[in-house]
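Working notes, beginning with the structure itself.
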Amino acid sequence: MTIQSQNAVLTDWLYDVQPIREISDQNRYNELGQNALFGSAFILGMPILGAPLNQPYQAFKAMDTKNGISFMDSWRNLSSQAKANKAALKGDNIWQSYQNRRTYNRIVNFGKELPTYDPNMDMSTLKGNKLLKYQNSVTKSGYYGDAKYLIEETKQMLENAKRNGTTIPKEQLKAQLSKIKEAMRAGDAKVNAAMRSGILKPTSLYGKAKHFAKLKTGGYKINEALLKTTRGASVLKGAAKCVKGAGWMAAIEGLLEIPDIIGAYKIDKAEKAAGRKSNRGNKQLAKSTVKVGASVGGYILGAALTGAVVGTSAGPIGTFVGFLGGLIGGFIASKVAGKAMDAALDEKDSLDKSEVELYAEEQNKQAAQQAEYDANMASLSNDAQYEVLAAAVEKGIDNGDAPEDVLAAYEYLVANRESRILDSLANIANMDYAA
């Protein structure tokens, strides 16, 4: 313990000098692990947590008070149907029963994804894009006619089994699922060909831009090749879901960046009011755009390469794998983008540290330089030492709010100062006695 080191502790506290946050690969890996842990818990846990709310919601939707169907009537009806469905889908054991119910539910959910239209629509009332959208819906719906027939056939199988008191064999359910997936693949291939040839026309600016890009980059040809197999069709469908999921991710990440952007523009305003140039707001906006874009782009690619292949056939596990793949893809893309941004801005960790944080570090650096200067002067001069101790008293070190190491440094320096004063007095007395 030296006077110099204790003065440094005290002056750092006086100027509120903070340790600079260092960004290391270990920090990044830890953050990735935390995101994977919490995200995995959410993905795997939400279906379980949401299950108890499904029937009340369905019962509420099925209410019809005008016809005398109350919430409880609807609830009892749903419970009765669920019990009958469970009996008709019963397997040789608990696991097989679960798989049968899951396969049947997947078939029903496929039906909800298929395009539909209102056959009673008066087309004379439609014009422009509304008419074009309706015509597209009619055309698309026809492409999936076989898939719709097979789905309704499966539903009828269940009704027949309930009426006859029998069960649907797992082999029959699996066969239906395979035929439906093949029919949906054929429908997807027809839609892709119709979009490419112009039979189906985009109705929005985004749709037109995407259509133009696919024509120029060969996207329709790539899709055509993938749609020749059921597995390839699953990859495309899963990738589309990843893109939709990434839209939510982009929105969330964008919202998380807003405070940093606002904070950076506030710094610009304060600095300009003080007569200094500052452009942190625009820099943060550019950095945030790169950060979100790289992260989301990497998420889409990573999810498509992993979960997109598995997700359409492995339920929650496939979604989980896709989520992890997306996180890893986003992590890699962000790291690559960060290196490029560092080179462009001649900075370090430019995407990991916001402009607000970098500004604080600069202010902190100036405070650290002043603290170091005062600590050095206090070690060399009694007057400077007194000023440092007086400043500590003025800041309230005697109130007990200071950290233990700061309080210990203050007490050490006070004791040392008193000791030096006593030594000086003793030397003066000895000199007088000698004289």
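Scope of the values below: all heavy atoms of this structure, side chains included, with no hydrogens, waters or symmetry mates.
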| Taking 4.0 angstrom as the limit, do Glu182 and Arg185 come out as a salt bridge? |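 Between Arg185 and Glu182 there is a salt bridge, with a charged N closer than 4.0 Å to a carboxylate O.
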| field | NZ/NE/NH1/NH2 to OD/OE distance under 4.0 Å, Glu224 and Lys221 | value |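 Judged by the 4.0 Å cut-off on N to carboxylate O distance, Glu224 and Lys221 do not form a salt bridge.
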How many angstroms lie between [atom1] in [X] and [atom2] in [Y], if you round to the nearest 0.5 Å?
X	Y	atom1	atom2	value
Arg163	Leu158	CZ	CG	10.5 Å
Leu126	Lys133	CG	NZ	11.0 Å
Asp92	Lys90	CG	NZ	9.5 Å
Gln176	Lys174	CD	NZ	14.0 Å

| request: Indicate the atoms forming the closest heavy-atom contact of Asp260 with Val356, along with that distance. | output: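 Closest pair (atom of Asp260, atom of Val356, distance): O-CG2, 3.7 Å.
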| Heavy-atom pair of closest approach, residues Asn192 and Leu227 |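 Minimum heavy-atom separation between Asn192 and Leu227: CB-CD1, 3.9 Å.
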Pair [X]-[Y], side-chain donor/acceptor within less than 3.5 Å:
X	Y	value
Ser124	Asp122	yes
Asn7	Ser379	yes
Tyr143	Asp188	no
Asn85	Lys162	yes
Lys148	Ser141	yes
Asp374	Tyr15	yes
Asn160	Gln156	yes
Tyr359	Glu271	yes

| request: With sequence neighbours excluded, tell me which residues meet salt bridge (charged side-chain N to carboxylate O under 4.0 Å, His left out) with Glu153. | output: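 Listed in chain order: nothing, the list is empty.
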| field | Residues forming a salt bridge (charged side-chain N to carboxylate O under 4.0 Å, His left out) with Arg101, sequence neighbours excluded | value |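 Partners of Arg101 under the salt bridge (charged side-chain N to carboxylate O under 4.0 Å, His left out) test: none.
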| Do other residues, nucleotides or ligands put more than 12 heavy atoms under 6.0 Å from Glu394 CD? |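 No.
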| query | If you draw a 6.0 Å radius around CD in Gln99, do more than 12 non-hydrogen atoms from other residues or ligands fall strictly inside? | reply |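 Correct, the count exceeds 12.
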| said: Closer than 3.5 angstrom, by distance alone: can the side chain of Asn109 be matched with the main-chain N or O of Asn105 as a donor-acceptor pair? | reply: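 Pair found, side chain donor or acceptor close to backbone of Asn105.
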| message | Between Asp268 and Arg280 (side chain of the first, backbone of the second, donor and acceptor by atom type, cut-off under 3.5 Å), is there such a pair? | response |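 Looks like yes, one N/O pair under 3.5 Å.
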